[in-house]
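This report refers to the structure that appears directly beneath it.
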Amino acid sequence: MKYNQYAYVKTDHEQEVKELIDINFLPRNYEDWSFSDLLAKLVKMTLAEAKSDEAKTAKLAEFAVTESQTLADFLADKPEKIGTNEFYNVALQLLGYHVHYDYDLADPTAFMQRNALPVVKDITNVAQLITAFYRLLNTRSKNGQILLDVMAGKGYFTQFWGQNKFMFFNGKALPVFDTNKVIREVVYVETDLDTDQDGKSDLVQVTIFRPRETTAGLKVPALYTASPYFGGIIANEKRNHKVDENLSDATEWNDPQYVASPIVKAAKPAAEDKPATEKAVHKSSYPLNEYLLARGFASVFAGGIGTRGSDGLRITGAPEETESAKEVIEWLHGDRIAYTDRTRKHETKASWCNGNIGMTGRSYLGTLQIAVATTGVAGLKTVVSEAAISSWYDYYREHGLVIAPEDCQGEDLDLLAETCQSNLWDAGSYLKIKPKYDAMQKDLLTKEDRTTGQYSDYWEARNYRHHTDGIKCSWISVHGLNDWNVKPKNVYKIWQKVKNLPIKHHLFLHQGPHYNMNNLVSIDFTDLMNLWFVHELLGLKNNADKQWPTVMIQDNLEADKWHEEKDWADDLGQEVVYYPTDSQELTKDGNGKEKQSFTDVGGKEFTAAIISESDWQYKFICGDEKWSKPSLRFTTDEFIHPVTIVGRPEVKVRVAGSLPKGQLSVALVELGDRKRLTATPKFLMRGGQELGYRFGTDTLQEFMPDKLTKAKLITKAHMNLQNYQDMKKPSKLEAGQFVDLTFKLQPTYYTIPSGSSLALIIYSTDQGMTKRPLEDETYTIDLAQTEIKFYQK
């Protein structure tokens, strides 16, 4: 497995020397040292767990230089140089690798090459020795972190605690802040909202974790995570909406309107600045924030309106959510009032903040980053938005249909609001809020329109992509190509807008589902984010804006291979069109002539079988006779050469249903017996990454080749037959009426290997995502007017 490293900044020798001296690793009078003495000194400096020189010296005997010599014996001969193999035998041991188990002492550099670990050759003088150690400290160890971070986890940087200043190495912030003395406090930001309509502006509780050094005048940037889950969640899985019901006539749809909550302008900040009087009881919930807190970045969490400790109602996806999240940044930047407690008597300021704010978080947390960024709020310098929703319609709906996020059949705006309305947990808030909450729930249920699934003004108000012109901050998006919760269309469609803005922008696409990627073996994402936040929030010129390609895409065949692209769009490839034939083939040569049919039985057989949605999907795409019967399947020959599908495939289908309503689903599937990557990353070193010194851990993981499987879903999509004329407006449909549907599938970047084939599946009920009708419907496909178009590299 390659430990790819993109965050290493090329550094000249003079700067290497300066940085090594600054961290007390290299003696200031190093030029007076002999080669052998300096070699011994530098090895001993990496042994941060040994606290005396005697202890460090004793440990030198624990390292092997060759198959017959220890490091202690090697140094006893006072060498004036060290061979490449000899040096890296020791280096690999310092990096946490084990002789005979991980690598062979006879050829350490072969192991390093296989794992993409850098090698400095011909270490024959002091200057080369210094460069070799500088590079080694910046080399990823077995646990995925660079060696310097491993040393930090053993207490190396405790010597700098209390100096009240940032320190940097290779363009990244170092953990020189005492995490045992972190200030944990709560303040209450006054919003301009009155979502509970009590005549007073809603207060939002904000939890802050900041270095103690900020009490001595040090100003630090803030990493702000807007997390509706931070105060806890109200879980009630049994309350999900029914999906085992017939489709409706979508022409009965009306266009529900979004109505804004009342505005109650907050007071302007005064000169008063009292210390916070409430201690935080919640814990930081995001490892990237924890990692950077030890490096001087304050970590700020706020659930927003309707969450525990805050006033108001949780109106999922509404502009009110955006506003309440944005107003926390306004306080951090000095533009809004906050109080020490809920009495609103004493103001407190973020006087510890340097005015530069970045946002972090995944899923709903990443979604609010997009929402807030579109406001152009002052102080927000960058967002790192992971697995984020860019349009709530694209989360809960698709092409005129009610479509569930993966593993969330029956969930919707109202139920997510229920999950996050954690201020109901406090009895006093419950008494005050519950009647307004009940009314809001009824309003959400009505206006979200689970009956027809059509687009409306209500969904329009929840589409952040229409406001991208307001984005002023730099931008990083992270998303899983196999995320069927927040489907890839969410990141793809906003990327098409962001990439054209005059801002710095990057995109990472990994092979996971709804996952983070900060602790993967195959990429040093945490180091990249360290580099990025130092550049964006501390202003250090460290080349972060040019350090890695604009788009990084993890390969679906080899997890340690990352494709470096300038963009993610259709035009990365060349257009190809495939046609279904009468004999169930998928070819480039031309359409079939027949009209072929299948009968959809909704969810009846699925419910009776009592299997999971994921088990159903695997059996379905593999062509299991029972589950593939209600579908048409068309398959190519096996590919002779690998083919990579990029961007958004498009399907054209002429179809007629036996009822005056219907839903059509299509899927592209790779067929072929082979070992594919695990669906989720495999834990390789649980708790093996220290985020600071005695300050929490993270787990190294990666997607790995797994058991043999028969098929893999590439992408899919669904459409309401009644939207054949307009995606945003239904039309009347007669039973048996043929209509032409043209719609796009979820975007992808997927390589089909040689020996596999591509299948197009046309079906109706998707047991894990669509409604599951109780009545049968026969769908007839006119093959002469059906095709699939995509772009391939």
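- Side chains of Y8 and D527: a donor-acceptor N/O pair is absent below 3.5 angstrom, by distance only.
- Taking the six-membered ring for Trp and thresholds of 30 and 60 degrees, F166 and F168 have nearly parallel ring planes, at less than 30 degrees apart.
- Salt-bridge formation is detected for the pair R210/E185: a Lys NZ or Arg NE/NH1/NH2 atom is positioned less than 4.0 Å from an Asp or Glu carboxylate oxygen.
- Paired with H506 under the rule ring-ring contact (aromatic ring centres under 6.0 Å, His included), one option of W532, W475, F525 passes, and it is W532.
- A salt bridge does not link K41 with D37: every distance from a Lys NZ or Arg NE/NH1/NH2 to an Asp or Glu carboxylate oxygen is 4.0 Å or more.
- Side-chain contact annotation: Y103 with Q93, donor-acceptor N/O pair under 3.5 Å present.
- Under the rule for a side-chain hydrogen bond (donor to acceptor under 3.5 Å, both in side chains), D706 has no partner lying at least two apart in sequence or in another chain.
- Aromatic ring centres of F169 and Y134: separated by under 6.0 Å.
- With W161 contributing its side chain and T179 its backbone, the two residues share no donor-acceptor pair below 3.5 Å.
- N143 and S141 share a donor-acceptor pair across their side chains, judged by distance under 3.5 Å alone.
- Here CD1 of I82 is found 12.0 Å from OG1 of T124. Values are rounded to the nearest 0.5 Å.
- Taking a 6.0 Å sphere around NZ of K2, one finds it holds 12 or fewer heavy atoms contributed by other residues, nucleotides or ligands.
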Practice problem: Decide salt bridge (Lys or Arg N to Asp or Glu O under 4.0 Å) for D53 and K44; before the verdict, give the C-alpha distance in whole Å, the side-chain angles of both, and the deciding distance to 0.1 Å. | Solution: CA-CA 8 Å; D53 188 66; K44 288 193 286 187; 3.0 Å; yes
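- Under 3.5 Å, the side chains of T360 and T225 contain a donor-acceptor pair of N or O atoms.
- With rounding to the nearest 0.5 angstrom, the CZ atom of F533 is 7.0 Å from the CD1 atom of I476.
- In this structure, E702 contributes its side chain and S522 its backbone to a donor-acceptor pair below 3.5 Å.
- Identified under the ring pair (Phe, Tyr, Trp, His ring centres under 6.0 Å) test for residues 57-93, with sequence neighbours left out: F87-F133.
- Across every non-hydrogen atom of W352 and A298, the tightest pair is CZ3-CB, 3.5 Å.
- Of the possible polar contacts, none joining the N289 side chain to the S299 backbone as a donor-acceptor pair under 3.5 Å is found.
- Annotation: ring-ring contact (aromatic ring centres under 6.0 Å, His included) contacts of F695 (sequence neighbours excluded): none.
- Note that CD1 of I23 is 5.0 Å distant from CG of L148, once rounded to the nearest 0.5 Å.
- Side-chain atoms of N519 and Q689 include no donor-acceptor pair closer than 3.5 Å.
- Considering R140, R295, K172 in turn, R295 is the only one that fulfils the side-chain hydrogen bond (donor to acceptor under 3.5 Å, both in side chains) rule with D149.
- Partner of E536 under the salt bridge (Lys or Arg N to Asp or Glu O under 4.0 Å) criterion, out of K541, K504, K381: K504 alone.
- Side-chain N or O atoms of D273 include one that pairs as donor or acceptor with a backbone N or O of K349 at under 3.5 Å.
- Of the N and O atoms on the side chains of E278 and Y188, at least one donor lies less than 3.5 Å from an acceptor on the other residue.
- In terms of modelled atom types and a separation under 3.5 Å, the side chain of T11 and the main chain of V9 share a donor-acceptor contact.
- If you take NZ on K682 and OG1 on T699, they are separated by 14.0 Å, rounding to the nearest 0.5 Å.
- With D104 contributing its side chain and D107 its backbone, the two residues share no donor-acceptor pair below 3.5 Å.
- The OG1 atom of T550 lies 10.5 Å from the CD atom of E564; values are rounded to the nearest 0.5 Å.
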